[in-house]
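Working notes, structure below.
Predicted model only: the values in this text are computed from it and were never measured. Side-chain atoms are counted along with the backbone in the values below, which use heavy atoms only and exclude waters and symmetry mates.
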Amino acid sequence: MCGIAGFALRHPAPWGEPIVKDMTDAIAHRGPDSDGHLSGPDQRVWLGFRRLAIRDLDPRANQPMVSASGRTAIIFNGEIYNSAELATKHCRDLSLRTTGDTEVFLEAFERSGSAIFEQTNGMFAAAFLDLPSGEVTLVRDRMGKKPLFLHETTSGFAFGSELRAFRRFGLQPDPSSLPLYLHFGYFPSPHTFFRSTTQVCPGEFVVLHRGEIRRRKKYFDVTQWDWGHGSTDPQRGGLPELLSDAVSIRTLSDVPIGGFLSGGIDSSLVAALLKSTGRSDLPMFTVSFRDGSADEAPFAAEIAKHLGLSHQILSLDERWLPEMIDDYLDCYEQPFADSSGLPSMLLCEAVKEHVTVALCGDGGDEFFGGYSRYGWLRRALQAQRMPRLARSFLGRMLPLVDQQRGLRLQRLLETRDAAGLYAQLIGGSTFASASDLLCDVSATADNAAEQLVRDLFARVPADPLSQAACFDAAYYIPDDLQVKMDRASMRVSLEVRSPLLDHRVARFGAELATRTKFSNGPKSILREALAGFVPRRMFERPKHGFSVPMRSWLSGPLRDVVHEAFRQRSVAECGWLNSATLLRLERDFHAGRTELSPMLWLLFVLARFVDRTATASGSGVSFRPKPMELSKAA
């Protein structure tokens with residue numbers, strides 16, 4: 001696990017080394033063990049690298065690495081779990097110099113080109129440089145586990161693992177992307193909060209040559225799976241074997257490795273599979289919160305004891321979390337409203353004191369039907385069968401019966417199609433539209449988020465529950481869940497691996513017959529698998545999730561902070577936030593409309609980010625026009 005950065009320009013850049021070094025210095029937390037830089041023969045391309053040594057700790061495995069032929073160079077962030085298989089297939093004529101996965105990935109790419117990406121099982125973001133031609137191929141893994149950003153200048157393109165790698169180029173916020181953030185709480189790929197800056201999408205590669213994009217292609221698209229139309233028998237389909245192998249191959253490491261154990265279904269299953277695959281020696285870690293109502297540590301301890309696993313409970317005081325707001329903004333780099341990112345940061349800090357690699361349970365909810373919103377979607381679709389007058393009457397009554405959820409339920413009853421329903425269910429700005437919150441928003445921009453949902457539903461020939469899960473796989477997993485875990489973990493140089501996001505396991509869950517997946521409640525298939533290792537009484541309980549008490553925070557320790565954030569001069573002067581709407585929502589929340597807490601948090605993060613980036617000294621982020629040049633003068 002590492003950090004990569006570099007640039008590809010239209011003209012030679014003999015002055016490029018200090019620039020690429022500045023880029024890698026900005027992401028040094030991703031790779032504290034070593035750094036390196038390399039230029040192409042004509043110096044149009046520069047590559048930079050920061051290493052977190054995980055496999056083959058010898059300096060010979062440092063990067064940038066050049067192939068045996070001298071034709072190709074690589075910088076690579078991530079892990080290739082089937083590197084032994086790829087070596088047997090593609091490197092039999094070579095005497096490999098290293099024992100890790102980087103050299104195998106490099107040599108296999110030199111022989112097979114972009115076709116190697118489909119053969120690879122791993123999490124990765126990489127740049128391959130063809131030294132004779134100067135052509136650069138950027139690539140990102142199927143599930144978007146590892147990040148990769150592109151920033152365009154008048155001189156060419158820069159690329160990097162994090163946005164902070166572009167700090168010297170004068171990043172400028174792009175308000176046209178905000179309707180997406182206001183709806184989802186994150187920026188769906190390829191969008192970001194900054195002008196001229198995009199993400200390489202999950203399962204995509206981009207070819208740069210002489211400062212231009214010559215090719216951009218998806219080698220993998222999750223919408224192409226046969227969602228909901230596959231096996232009705234998980235045992236016959238080989239799920240137990242897939243799960244075991246997915247966990248086993250993720251234990252390859254030359255540094256200490258452990259796992260997260262929350263006590264929930266997914267992490268408990270990963271822990272049980274570690275035991276069954278002979279890795280009961282690996283320690284498991286659980287965060288214990290002072291607030292007992294959200295503390296699952298006792299359940300995790302019982303499961304670890306039953307499995308005979310080494311287990312440590314790391315006690316954290318969530319009262320510190322509101323004081324981490326500035327760290328939160330720095331960690332996630334652009335507006336990001338998933339408040340579970342705060343405890344995730346604390347979890348990773350605590351676990352890093354013991355291990356360098358940790359396995360987690362991400363992915364079970366999306367591919368095996370774990371979210372409550374899938375149940376709400378099913379009920380909303382059933383409600384559409386009611387007579388129109390009955391539905392209208394019920395819609396008028398709901399806000400009177402339940403003020404907190406009534407308005408949202410009323411809107412669900414008024415929405416007629418599955419895509420629109422799901423867009424409503426996952427929307428963060430249910431109580432105010434983008435046009436209410438932003439100045440000068442076009443009708444197209446106002447509907448951009450809902451249109452994104454509709455476009456995906458239209459491409460997936462499946463039932464609405466499968467379409468909803470596919471949307472989450474395409475956007476929520478890479479742009480929320482994986483952003484959260486990658487930034488929180490790499491902030492402290494911790495590598496986190498996700499066995500349930502192995503593309504083989506994910507595809508099995510995606511294509512599992514919908515009626516089978518949901519026949520016995522949420523995640524019934526994974527529950528059955530876990531029951532083979534652990535008594536049901538240990539895990540059959542309501543889902544908690546990794547959340548924070550946001551309503552009480554906004555009413556208590558964050559109340560004055562939010563009040564101040566919405567009245568900042570920078571918010572009023574940025575020219576695209578409607579301050580009056582922000583203040584109205586704040587008043588409504590404190591007047592008793594506590595259902596506004598997710599939106600208030602989302603807007604608070606945005607307002608703080610506006611002020612932070614507008615006033616930061618030397619950050620390279622500016623609201624004023626500034627040349628975005630990658631040149632000697634930069």
Side-chain angles (χ1 to χ4, degrees), residues 142-144 183-184 188-189 201-203 218 220-239 242-243 246 265-266 362-385 412 415-427 449-482 498 500-529 543:
R142 294 174 179 87
M143 297 299 166
H183 191 92
F184 299 118
S189 303
C201 293
K218 294 277 281 186
F220 168 79
D221 188 342
V222 73
T223 66
Q224 299 303 305
W225 284 346
D226 194 13
W227 285 83
H229 295 298
S231 172
T232 59
D233 185 348
Q235 300 298 322
R236 186 186 307 170
L239 180 60
L242 286 179
L243 288 169
I265 304 296
D266 303 335
D362 286 351
D365 289 308
E366 295 79 10
F367 294 108
F368 292 91
Y371 288 128
S372 61
R373 59 179 176 258
Y374 300 150
W376 279 106
L377 177 60
R378 172 182 279 177
R379 289 187 285 274
L381 290 168
Q382 291 171 342
Q384 300 298 321
R385 302 170 190 165
L412 288 175
T415 305
R416 297 294 296 167
D417 65 296
L421 282 169
Y422 198 61
Q424 287 283 337
L425 280 168
I426 60 177
E450 183 173 323
Q451 191 58 49
L452 189 69
V453 179
R454 292 186 183 281
D455 288 346
L456 184 136
F457 272 50
R459 299 201 314 270
V460 180
D463 62 276
L465 291 179
S466 293
Q467 291 171 321
C470 183
F471 182 89
D472 287 343
Y475 295 106
Y476 180 67
I477 286 178
D479 298 320
D480 187 310
L481 286 187
Q482 298 312 306
S498 308
L500 298 182
L501 287 178
D502 185 298
H503 68 279
R504 302 166 301 167
V505 174
R507 182 169 189 170
F508 185 98
E511 296 188 345
L512 191 66
T514 304
R515 65 181 181 276
T516 301
K517 190 184 305 182
F518 291 96
S519 60
N520 294 307
K523 283 194 290 196
S524 59
I525 303 304
L526 296 187
R527 287 175 183 271
E528 285 297 323
K543 179 180 176 66

- Message: Go through it in stages, so that I can follow the logic: the residues are D266 and D365, the test is side-chain contact (heavy atoms from CB on, under 4.5 Å), and I'd like the CA-CA distance, side-chain angles, deciding distance and then a yes or no.
- Response: CA-CA 8 Å; D266 303 335; D365 289 308; 4.0 Å; yes

_Please evaluate residues L501 and E366 with respect to the criterion side-chain contact (heavy atoms from CB on, under 4.5 Å), reporting the C-alpha separation (whole Å), side-chain torsions for both, the decisive distance (0.1 Å), and the verdict._
CA-CA 10 Å; L501 287 178; E366 295 79 10; 5.6 Å; no

For this session: Establish, for the pair R373 and F471, whether the NZ or CZ atom is under 6.0 angstrom from the six-membered ring centre and no further than 45 degrees off its axis.
Result: no

Shortest non-hydrogen pair, V453 vs A419, comes out as CG1-O, 3.5 Å

dist D463:CG -> L377:CG (nearest 0.5 Å) comes out at 9.5 Å

Those residues at least two apart in sequence (or on a different chain) that pass side chain to side chain donor-acceptor pair (under 3.5 Å) with N520 are none

- Ignoring hydrogens and geometry, is there a side-chain-to-backbone donor-acceptor pair from W227 to V222 under 3.5 Å? yes

For P188 and Y475, the nearest pair of non-hydrogen atoms, with its separation, is CB-CD2, 3.6 Å

If we ignore hydrogens and angles and just use 3.5 Å, is the side chain of K517 paired with the main-chain N or O of G509 as donor and acceptor? yes

Looking only at heavy atoms, the pair that brings K218 and C201 closest together is NZ-CB, 4.3 Å

Taken to the nearest 0.5 Å, the spacing of E450 CD from Q424 CD works out to 6.5 Å

To the nearest 0.5 Å, atom CD1 of I265 lies from atom CG of L500 at 11.5 Å

Residues at least two apart in sequence or cross-chain that pass side-chain contact (heavy atoms from CB on, under 4.5 Å) with R507, listed by chain then number, are W225, E511

Heavy-atom closest pair (V460 atom, Q467 atom, distance to 0.1 Å) is O-NE2, 3.0 Å

dist D226:CG -> S466:OG (nearest 0.5 Å) comes out at 9.5 Å

For M143 and P478 the tightest heavy-atom approach is O-CB, 3.5 Å

Closest non-hydrogen contact found for L456 with A474 is CD1-CB, 3.7 Å

Notebook entry, point to check: Can any side-chain N or O of T514 pair as donor or acceptor with the backbone N or O of H229 at less than 3.5 Å?
Noted result: no

Before giving the answer on side-chain contact (heavy atoms from CB on, under 4.5 Å), spell out for D417 and F457 the whole-Å C-alpha distance, their side-chain angles and the decisive distance to 0.1 Å. CA-CA 11 Å; D417 65 296; F457 272 50; over 6 Å; no

Is any side-chain heavy atom of F184 less than 4.5 Å from a side-chain heavy atom of L452? yes

Is there a side-chain contact between H503 and F220 in this structure, where contact means two heavy atoms from C-beta onward sitting under 4.5 Å apart? no

How about D472 and Y374: does a side-chain donor come under 3.5 Å of a side-chain acceptor?
-> yes

Are any of the side-chain heavy atoms of L425 and Y371 separated by less than 4.5 Å?
no

Item to complete: For the pair L526 and F367, evaluate side-chain contact (heavy atoms from CB on, under 4.5 Å) and give the outcome as yes or no after the intermediate values.
Response: CA-CA 10 Å; L526 296 187; F367 294 108; over 6 Å; no

To the nearest 0.5 Å, atom CZ of F508 lies from atom CG of D502 at 13.0 Å

